[in-house]
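Here's the structure we're looking at; comments come further down.
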Amino acid sequence: MKTFQSWNALVKKRNALAEGGNCGFKMRQLPFMGVICTVMLFIVYRTTDYQYHKTEMETRFHPFATVKDYHLHLGKLRGLPRGIMQARSDLELRPLWSSNSQSKASATTNKNLLAMPVGIKQKDFVDDVVKKFLAANFTIILFHYDGNVDGWWDLGWGEKAIHIVAYNQTKWWFAKRFLHPDIVSVYDYIFLWDEDLGVEHFDPTRYLEIVKSEGLEISQPALDPNSTEIHHRITIRARTKKFHRRVYDLRGKTKCSNSSEGPPCTGFVEGMAPVFSRSAWYCAWHLIQNDLVHGWGVDMKLGYCAQGDRSKKVGVVDSEYIVHKGIQSLGGSGHPTMRTTMKRHGASSFDLRTEIRRQSTWELKVFKERWNQSVEEDKNWVDPFLRYQRRSKKHKRQDN
């Protein structure tokens with residue numbers, strides 16, 4: 001019995017020592033856990049601080065930069081202190097010397113941009129357009145495809161515009177090279193217009209008021225029904241409306257009804273007089289192909305750059321409309337050494353306009369192929385309008 005009691009006492013003593021040891025271990029754990037918590041809080045603070053400065057730098061570097069872009073370009077900029085970096089530029093003219101107007105010029109930097117390809121033969125049309133846009137405080141950039149710049153200096157605004165020369169190049173060629181988003185990101189809206197447009201019934205300020213109030217990221221002024229050249233029903237002015245986003249037409253090859261959810265029935269503007277918000281242009285510039293200079297096919301895809309539902313973010317303004325004169329000038333009066341007719345393989349002469357149209361048609365085919373191939377290869381891309389396309393196909397099958 002004694003043996004059993006002594007053994008039992010020994011066990012209790014050992015358990016008591018064990019419990020005391022655990023208590024001591026727990027007591028010793030408290031300072032250790034405090035250290036761990038302090039370290040974790042420090043790590044969270046440093047991570048948050050790093051993310052803040054990274055985001056700040058990323059935004060300063062470029063308002064649309066991705067994290068990947070940030071890391072890529074930050075490595076190239078390590079030699080500069082952060083405060084000296086200026087990631088943005090613009091197309092504003094700056095004085096060469098100090099003057100009283102210098103501070104005023106910097107304070108009234110233009111917020112919108114008009115860019116046009118121009119030839120001297122359309123000088124009067126361009127003069128009318130530029131005068132209206134200058135009065136609305138626009139920056140003007142002219143792309144001279146015929147090489148004639150001297151012929152514009154007699155106009156009162158000649159020195160206020162920026163002039164860029166490249167013989168026989170298109171609007172899209174110029175835009176891809178000189179309207180990079182990094183350069184035009186300071187402008188709220190970019191007007192990329194043709195030169196053969198009548199603006200008697202158009203006011204830029206009133207136009208932008210409508211665009212802003214209706215949330216249109218991509219737009220164009222409607223075309224007067226008496227315009228010489230009209231390609232799509234949706235661009236024709238509706239006399240009783242301020243603006244419209246879709247058109248209804250059951251005639252012709254392309255039928256537009258309530259079930260139509262894509263171009264050219266809705267979510268569409270034509271390439272002759274598009275107007276882009278800053279964000280929409282950032283996307284559209286990347287859509288423009290560097291080597292496909294005529295831009296055929298791009299208008300049908302611009303809705304993907306509408307920053308949302310193209311049936312709501314893309315529209316045509318009716319109350320501020322233009323006249324499309326349909327003057328075909330490119331290729332007819334380009335470089336002085338070029339002629340409008342040529343010889344090919346001993347055949348009879350032909351008009352360069354025919355060759356331009358042939359090239360445009362080929363580029364349209366290539367653009368469509370590139371789009372389809374890109375969609376197939378990019379497994380992560382989801383078409384935001386796919387459900388509309390499926391619905392449209394379903395309705396077409398039912399109609400047939």
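Side chains are part of it too, since the values below use all heavy atoms of this structure and drop only hydrogens, waters and symmetry mates. Residue numbers run from 1 in the order of the sequence given.
When hydrophobic clusters are built by joining Ile, Leu, Val, Met, Phe, Trp and Tyr residues whose side-chain heavy atoms come closer than 4.5 Å, directly or via intermediates, Met300 is not grouped with Val366. A continuous path of ILVMFWY side-chain contacts below 4.5 Å connects Leu93 to Leu179, so both sit in one hydrophobic cluster. Hydrophobic clustering places Trp285 together with Ile190 (ILVMFWY residues linked when any side-chain heavy atoms are closer than 4.5 Å, directly or through intermediates). Trp281 and Val269 fall within a single hydrophobic cluster, where Ile, Leu, Val, Met, Phe, Trp and Tyr side chains are chained together by heavy-atom contacts under 4.5 Å. Placement of Ile234 and Val298 in two distinct hydrophobic clusters is found when ILVMFWY residues are connected by side-chain heavy-atom separations under 4.5 Å, directly or transitively.
For the pair Ile230/His324, no side-chain contact is recorded, criterion being any heavy-atom separation below 4.5 Å from C-beta on. You'll find the side chain of Arg310 stays beyond 4.5 Å of the side chain of Glu217, heavy atoms only. Within the 4.5 Å cutoff, no side-chain heavy atoms of Pro263 are placed close to those of Asp299. By the 4.5 Å heavy-atom criterion applied to side chains, Met116 and Phe174 are not counted as neighbours. Side chains of Trp152 and Val118 form a contact here, defined as non-hydrogen atoms less than 4.5 Å apart. Put simply, the side chain of Asn112 does not reach to within 4.5 Å of the side chain of Tyr187, judged on heavy atoms. Residues Val275 and Phe191 meet the side-chain proximity criterion, which asks for heavy atoms closer than 4.5 Å. The shortest distance between side-chain heavy atoms of Leu223 and Ile322 falls below 4.5 Å.
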Given side-chain contact (heavy atoms from CB on, under 4.5 Å), test Val316 with Tyr321 step by step and report yes or no. CA-CA 9 Å; Val316 178; Tyr321 61 99; over 6 Å; no

Can Gln220 and Thr235 be said to form a side-chain contact (heavy atoms from CB on, under 4.5 Å), step by step? CA-CA 8 Å; Gln220 74 160 81; Thr235 62; 3.7 Å; yes

Mind running side-chain contact (heavy atoms from CB on, under 4.5 Å) on His286 and Cys305 for me, showing each step along the way? CA-CA 10 Å; His286 286 82; Cys305 291; over 6 Å; no

side-chain contact (heavy atoms from CB on, under 4.5 Å), that's the test. Do Asn290 and Arg177 meet it? Break it down for me. CA-CA 8 Å; Asn290 191 63; Arg177 285 148 185 83; 3.2 Å; yes

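Gln373 and Glu377 share a donor-acceptor pair across their side chains, judged by distance under 3.5 Å alone. No donor-acceptor contact under 3.5 angstrom links the side chains of Gln359 and Glu355, judged on distance only. Glu270 and His231 form a side-chain donor-acceptor contact under 3.5 Å, judged by distance and modelled atom types alone. In this model, a donor atom of one side chain and an acceptor atom of the other lie less than 3.5 Å apart for Ser257 and Ser259.
Side-chain N or O atoms of Asp146 include one that pairs as donor or acceptor with a backbone N or O of Asn148 at under 3.5 Å. Listed for the Lys123 side chain is a donor-acceptor partner under 3.5 Å among the backbone atoms of Gly151. In this structure, the side chain of Glu320 engages the main chain of Asp203 through a donor-acceptor pair within 3.5 Å. For the pair Arg278 (side chain) and Ser185 (backbone), a donor-acceptor distance under 3.5 Å is present. Put simply, the side chain of Lys176 gets close to the backbone of Ile288: a donor and an acceptor are under 3.5 Å apart.
Within the model, atoms CD of Glu92 and CG of Leu113 stand 8.5 Å from one another, a figure rounded to the nearest 0.5 Å. Taken to the nearest 0.5 Å, the NZ atom of Lys121 stands 10.5 Å off from the CD1 atom of Ile327. Tyr145 contributes atom OH, which lies 12.5 Å from atom CD of Gln169 (distance to the nearest 0.5 angstrom). Here the straight-line distance linking atom OH of Tyr189 with atom OG of Ser219 works out to 8.0 Å at 0.5 Å rounding. One distance of note links CZ of Phe178 with CG of Leu91; it measures 10.5 Å at 0.5 Å rounding. Distance NZ/Lys111 to CG/Leu208: 14.0 Å, rounded to 0.5 Å.
Asp127 and Lys131 are joined by a salt bridge, as a carboxylate oxygen and a charged side-chain nitrogen come within less than 4.0 angstrom of each other. A salt bridge between Arg237 and Asp318 is absent, with no side-chain N of the basic residue lying under 4.0 Å from a carboxylate O of the acidic one. One finds a salt bridge joining Glu214 and Arg245 here, because a Lys/Arg side-chain nitrogen approaches an Asp/Glu carboxylate oxygen to under 4.0 Å.
Across Lys132 and Glu200, no two heavy atoms sit closer than the pair NZ-O, 3.4 Å. In plain terms, the two heavy atoms of Leu302 and Ala284 that are nearest each other are CD2-CB, 4.1 Å. When all heavy atoms of Ala273 and Leu197 are compared, the pair lying nearest together is CB-CD1, 3.9 Å. Heavy atoms only, all atoms of each residue included: Phe385 and Tyr304 are closest at CD1-CE2, 3.6 Å. Across all their heavy atoms, Thr205 and Ala136 have their closest contact at OG1-CB, 3.6 Å. Across all non-hydrogen atoms, the minimal contact from Val130 to Trp157 is CG1-CD2, 3.5 Å.
Annotation: Lys212, atom NZ; neighbour count of heavy atoms from other residues, nucleotides and ligands within 6.0 Å is above 12.
The side-chain tip of Lys325 points at the ring of Phe125 from less than 6.0 angstrom away and within 45° of straight on.
Ring-centre distance between Trp153 and His163: below the 6.0 Å cut-off.
Phe202 and Phe133 have parallel rings, their planes meeting at less than 30° on a 0 to 90° scale where 60° marks the start of perpendicular.
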